[in-house]
Amino acid sequence: MTDTPSEAPVLDTLAAMTAESIARCGLDANSLVAARIAALVAVDAPAASYLAHVGAAMDAGVTVGQIQDILIAVAPIVGT
């Protein structure tokens, strides 16, 4: 841990939590992003949260069709 105060301690903490989660997760990149998108739906995340994941999803090879399938799969559970 560093003794230097951060300019953005909350964002730094979230980034560290995300990095640790990814490092400990055994899912491939495509499955990881799919799970995270499903979680965003489950918690009724704001649109900005979805936008923050679009780049990573595309980099992982997730297609628009797959995202639609994820949304269809979780709709009966979380509602519309």
Side-chain angles (χ1 to χ4, degrees):
M1 183 143 199
T2 179
D3 292 330
T4 307
S6 172
E7 294 289 323
V10 174
L11 291 177
D12 291 345
T13 301
L14 291 172
M17 288 170 58
T18 299
E20 187 66 21
S21 171
I22 291 169
R24 291 175 179 253
C25 181
L27 295 174
D28 62 88
N30 189 296
S31 297
L32 175 68
V33 176
R36 292 174 73 94
I37 290 170
L40 291 173
V41 175
V43 299
D44 197 22
S49 294
Y50 289 90
L51 293 175
H53 286 80
V54 169
M58 296 299 119
D59 291 346
V62 177
T63 66
V64 172
Q66 286 174 310
I67 292 173
Q68 288 173 337
D69 287 342
I70 293 165
L71 298 175
I72 290 166
V74 299
I77 298 165
V78 299
T80 55

Any side-chain heavy atom of Arg36 within less than 4.5 Å of one from Leu32?
-> yes

Can you tell me how far the CG atom of Leu71 sits from the OH atom of Tyr50, to the nearest 0.5 Å?
-> 7.0 Å

Of all heavy-atom pairs between Ala35 and Leu27, which one has the smallest distance, and what is that distance?
-> CB-CD1, 4.5 Å

Over all atoms of both residues, closest heavy-atom pair of Thr13 and Pro9 = OG1-O, 2.8 Å

Thr18 side chain to Leu14 backbone, donor-acceptor under 3.5 Å | yes

Residues Val74 and Ala38: closest non-hydrogen pair is CG1-CB, 4.0 Å

When hydrophobic residues are tied together by side-chain contacts of less than 4.5 Å, even through go-betweens, does Ile37 share a cluster with Ile77?
-> yes

Where is the tightest heavy-atom contact between Ala56 and Val33, given as atom of each residue plus distance?
-> O-CG2, 4.0 Å

Is there a donor-acceptor pair closer than 3.5 Å between any side-chain N or O of Gln66 and the backbone N or O of Thr63?
-> yes

Could you give the distance from OG (Ser49) to CG (Asp44), rounded to the nearest 0.5 Å?
-> 10.0 Å

When rounded to the nearest 0.5 angstrom, what is the spacing between NE2 in His53 and CG in Asp59?
-> 12.5 Å

